[in-house]
Structures are given as C-alpha cells and as structure tokens.
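In what follows, chains carry the letters A, B, and so on, assigned in the order in which the sequence lines appear, proteins first and then strands, with residues in each chain numbered from 1.
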There are 2 protein chains.
Amino acid sequence: MSVAPDAVDGYLAQWALERPDLDVSPMAIIGRVSRLAALLQVRLDAVFAEYDLQSWEFDVMATLVRSGAPYELTPGALDRSMMITSGTTTHRITKLEQRGFVTRRRDEDDKRVVHVKLTDAGRQVFDAAHVAHIENERTMLEPLSEQDRTMLLSGLRALSGALGDGAGASGDTQRA
Amino acid sequence: MSVAPDAVDGYLAQWALERPDLDVSPMAIIGRVSRLAALLQVRLDAVFAEYDLQSWEFDVMATLVRSGAPYELTPGALDRSMMITSGTTTHRITKLEQRGFVTRRRDEDDKRVVHVKLTDAGRQVFDAAHVAHIENERTMLEPLSEQDRTMLLSGLRALSGALGDGAGASGDTQRA
DNA sequence: AATAGTTATCTTGACATCAAGAGATTGGCA
DNA sequence: TGCCAATCTCTTGATGTCAAGATAACTATT
C-alpha cells in the first residue's frame with residue numbers, strides 16, 4: 001500500500017515486537033473503528049460548541065426532530081432510541097428543559113407517562129446546528145475518493161450485519 | 001444491495017421524510033462509525049468483565065506492555081498515548097496501584113517525574129485478558145468475508161488519512 | 001372491588017472524566 | 001548565583017453516566 005501509516009499501524013508494529021506469537025490483526029479493524037470514532041467526536045463537538053451545545057443535547061433534539069411532528073417523545077422512547085439509561089434521560093431532559101429547548105407534559109390518560117416536546121426555541125437552535133453539523137461531516141469526508149467511500153460504506157454495513165445491528169435494533173448514539 | 005438494512009438506514013429514512021431538503025448522506029459513514037464503536041465497546045467490555053477489568057484498566061496495562069520492557073512509562077506519556085487528560089491519568093494510576101497492578105516510583109534525577117510500572121500481578125491479569133480479548137475480536141469479525149475485511153480496512157485507513165491521524169499522532173483510545 | 005404484577009419515570013450514590021489551576025522541580029539566561 | 005519560564009504531576013470542582021431501586025399509576029385476575 002502507498003498509504004501513509006496511521007496511529008493504529010504504530011500499535012500493530014509495537015505488538016509485533018512485544019508479542020510476535022499473538023495475531024493482533026483484528027485490531028487493525030476494531031481498533032481503528034474505536035479510534036476513528038473518538039477522533040470524529042472531537043471534530044463534531046467543535047461544531048456543536050459553536051452553537052453552545054453539548055453533543056448529547058444535539059442528540060436528544062435530533063431524536064425528537066427525526067421522530068417527526070409534533071416532535072414529541074416519552075422519556076422511555078428516548079432511552080431506547082439513544083442507548084442510555086433512564087436516569088441519564090431524566091437528567092438530560094431536565095437540563096434541556098432549564099434551557100428552554102424542551103417541555104415536559106404529563107399524559108392525561110396515563111399519568112405515569114410524560115411527553116417531552118421540542119420547543120420552537122429548541123428547534124431553531126437545532127436547525128442551525130444541524131446544517132453546520134452536516135456541512136462539517138461533508139467536509140471531513142471530502143478527501144475520500146468515491147471508491148474509498150463505497151468500500152468504507154460496504155465494509156461498515158457488513159460489520160453492522162456481523163454485530164446484529166438490525167433496523168429494528170434499538171439504540172442511537174450516533175450524531176444525527 | 002442485498003444487505004439487510006441496519007439501524008443507521010432507519011435514521012436515514014427518517015431524515016429523508018422529515019428533512020428531504022438536506023443531504024444527510026455523510027451520516028451513513030460517520031454515524032455508522034460512531035454507532036459501531038459503541039456496539040463494539042459493549043462486546044469488548046463483556047470480556048474484560050470476565051477478568052474483573054474495566055476497559056480503561058485494560059487500556060492502561062496494554063499501553064505499558066506495548067511500550068516493551070521494562071513495561072514502564074511516565075504519567076505524561078500515558079496521557080499522550082491514551083488521549084486523556086492528566087487528571088484522569090492520575091486517577092487511573094491510583095486505582096491500578098490500589099489493585100496492585102502497577103507501582104509508582106519517583107525519578108531520582110528529575111524529581112518531578114514519576115515512573116509507572118506494571119507489576120507481575122498486573123502482567124498476569126493482562127496477559128490472560130489479552131488472549132481472550134483478541135479471541136473476542138476475532139470472533140466478532142468472523143462473519144465478514146475476506147473481501148469485506150479488505151474493503152473495510154482500506155476504507156478505514158483512508159478515513160484515518162482524511163482525519164490526519166498520522167503514525168506520529170498522539171492518542172490511543174483503541175483497546176489493545 | 002381488592003390485590004398482585006407490570007410499566008413508566010424519577011432518585012440516589014458511585015464513578016470516570018475533564019478543565020483549570022496549584023505545587024514542586026528543573027533548566028536557561030542574565 | 002539568582003530568578004523566571006517551562007515542565008511534570010497532582011488537586012479541585014463540575015459534569016454526564018450508570019446501576020439499583022423508589023415511587024406512582026395502570027391492568028388483569030380473582
């Protein structure tokens with residue numbers, strides 16, 4: 001390959017010296033996915049910060065918008081969609097409520113249930129951040145050739161399949 | 001494609017309905033990387049737990065072992081290698097020291113410097129977990145065809161390059 | 001109706017992490 | 001030599017997260 005070695009190549013080389021008896025090649029894929037996710041997160045956070053948002057705040061609002069009008073979900077639905085525990089959801093909603101980006105409303109019929117709704121203010125902030133976020137993602141992928149993207153996408157989908165991440169699977173975690 | 005849709009395909013479909021004016025296609029790659037990293041982490045943690053280890057504990061010990069004999073680094077070197085702040089490093093070392101997996105030793109010549117060294121007990125636990133960890137990774141990738149792996153690897157390396165993650169770049173984060 | 005089990009949300013306590021800065025030591029330069 | 005800037009580690013306070021369980025409300029069965 002003519003490609004420049006990256007950080008993971010460095011780790012592989014170190015392991016080859018220290019434990020030549022072990023085949024650490026799976027790390028070339030799995031280690032890179034983890035590492036790239038961390039590197040990507042830093043870049044994504046930088047744009048969210050321009051809109052005074054934490055990535056988890058963007059995540060919650062994105063989940064509400066994705067759900068379609070009236071941009072309203074229960075805490076339980078947010079739990080499942082974002083792969084977080086209920087305690088975390090409560091905390092997130094409370095914080096966003098304090099900032100005026102969502103409202104809480106108790107259900108009339110089933111008083112256990114709460115409805116979390118994106119406010120107009122929340123929607124405005126989100127939409128602005130969303131456009132910048134997508135542009136940010138587009139820019140990060142710009143150096144990749146069409147072939148790179150196709151291969152990467154195929155590979156990632158195959159890995160999704162290998163891990164059993166079906167369309168019905170719960171969990172979000174990715175940003176928008 | 002004949003591949004089954006995954007969770008990210010679901011999000012893309014939702015966005016296509018809600019905001020057909022936006023091109024959210026970069027999410028197909030970037031969102032998947034983030035999501036896959038989270039899913040992988042869950043699987044990796046499960047094996048670490050069998051050895052009563054947190055993934056950050058495994059990370060620290062892996063960094064020490066990778067560095068070669070005498071399996072000793074300074075907190076600063078650990079900071080840089082693991083992409084964490086110095087406060088976090090202090091905390092990690094203290095915890096591992098309490099468990100008897102590493103020792104702290106002040107440098108004789110430069111009294112600001114500390115040397116963190118893996119103990120024999122730490123090495124034993126790490127080696128056992130390491131073997132299981134690699135086997136775990138291997139199993140996760142087993143469903144992928146040779147072509148899938150090649151494409152995925154090429155794509156990931158291309159993305160590494162796009163993000164400027166050179167071999168000299170600091171930061172670790174990936175597990176072993 | 002009364003009760004037991006289920007569901008939905010929230011609370012509590014512990015913990016890993018970060019940002020910012022404090023404390024200690026070293027090295028260079030006047 | 002004496003002092004200032006740089007370096008290295010650690011401390012502090014805040015935050016987001018989870019696991020476990022508490023609380024309240026609903027449902028089904030008797």
* **Short side-chain donor-acceptor distance under 3.5 Å, B:Y51 and B:E57** =>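 No - no donor-acceptor pair under 3.5 Å links their side chains.
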
* Asked: Just by distance, with hydrogens left out, do A:D120 and A:Q124 show a side-chain donor and acceptor under 3.5 Å apart?
  ->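 The criterion, which ignores hydrogens and geometry beyond distance, is not satisfied for A:Q124 and A:D120.
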
May I ask you to say what [X] touches in the nucleic acid, namely base, sugar-phosphate or nothing, with a heavy-atom cut-off under 4.0 Å?
X: A:T74; result: sugar-phosphate
X: A:G87; result: base
X: B:D109; result: sugar-phosphate

Once you round it to whole Å, what is the distance between [atom2] of [N] and [atom1] of [X]?
X: A:E57; N: D:dT17; atom1: CD; atom2: P; result: 10 Å
X: A:M82; N: D:dG16; atom1: CE; atom2: C1'; result: 12 Å
X: A:W56; N: D:dG16; atom1: CH2; atom2: P; result: 5 Å
X: B:R104; N: D:dC8; atom1: CZ; atom2: C1'; result: 13 Å
X: A:Q54; N: D:dG16; atom1: CD; atom2: P; result: 6 Å
X: A:K111; N: D:dT23; atom1: NZ; atom2: C1'; result: 16 Å
X: B:R112; N: D:dC10; atom1: CZ; atom2: P; result: 13 Å
X: B:Q41; N: D:dT17; atom1: CD; atom2: P; result: 15 Å

Can you tell if the side chain of [X] reaches within under 4.5 Å of the side chain of [Y], non-hydrogen atoms only?
X: A:L64; Y: A:R123; answer: no
X: A:V24; Y: A:R19; answer: no
X: B:K117; Y: B:P70; answer: yes

* Asked: Within less than 4.0 Å of OP1 or OP2 of D:dC18, is there a side-chain N or O belonging to A:T85?
  ->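 Affirmative; the distance criterion is met.
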
* Among D:dA24, D:dC10, D:dC18, the nucleotide that comes nearest once only the side chain of A:T88 is considered ->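 Looking only at heavy atoms from C-beta outward on A:T88, the closest nucleotide is D:dC18.
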
* From the list D:dA20, D:dT9, D:dC10, which nucleotide is the closest neighbour of the side chain of A:S86? ->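 So the side chain of A:S86 is nearest to D:dA20.
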
* Asked: Parallel under 30°, tilted from 30 to 60°, perpendicular over 60°: which one fits the rings of B:W15 and A:H130?
  ->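 Tilted, since the angle between the ring planes falls between 30° and 60°.
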
* Asked: Aromatic rings A:F58 and A:H133: how do their planes relate, parallel, tilted or perpendicular, breaks at 30° and 60°?
  ->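 Because their plane-to-plane angle lies in the 30° to 60° range, the rings of A:F58 and A:H133 count as tilted.
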
* Ion pair check, B:D148 and A:R157, cut-off under 4.0 Å ->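 Looking at A:R157 together with B:D148, the answer is no, because their closest N to O distance does not fall below 4.0 Å.
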
* Kindly state which residues belonging to residues 90-98 of chain B come within less than 4.0 angstrom of DNA chain C, counting heavy atoms of the residue only, listed by number. =>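 Within this stretch, B:H91, B:R92, B:K95 sit under 4.0 Å of the strand.
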
* Which is the 5'-most and which the 3'-most nucleotide of DNA chain C that has an atom under 4.0 Å from a heavy atom of chain A? ->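 In short, chain A contacts DNA chain C from C:dT7 to C:dT11.
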
* Specify the closest pair of heavy atoms between A:M61 and A:L53, including all atoms of both residues, with the distance to one decimal. =>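 Heavy-atom minimum between the residues: CE-CD2, 3.7 Å.
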
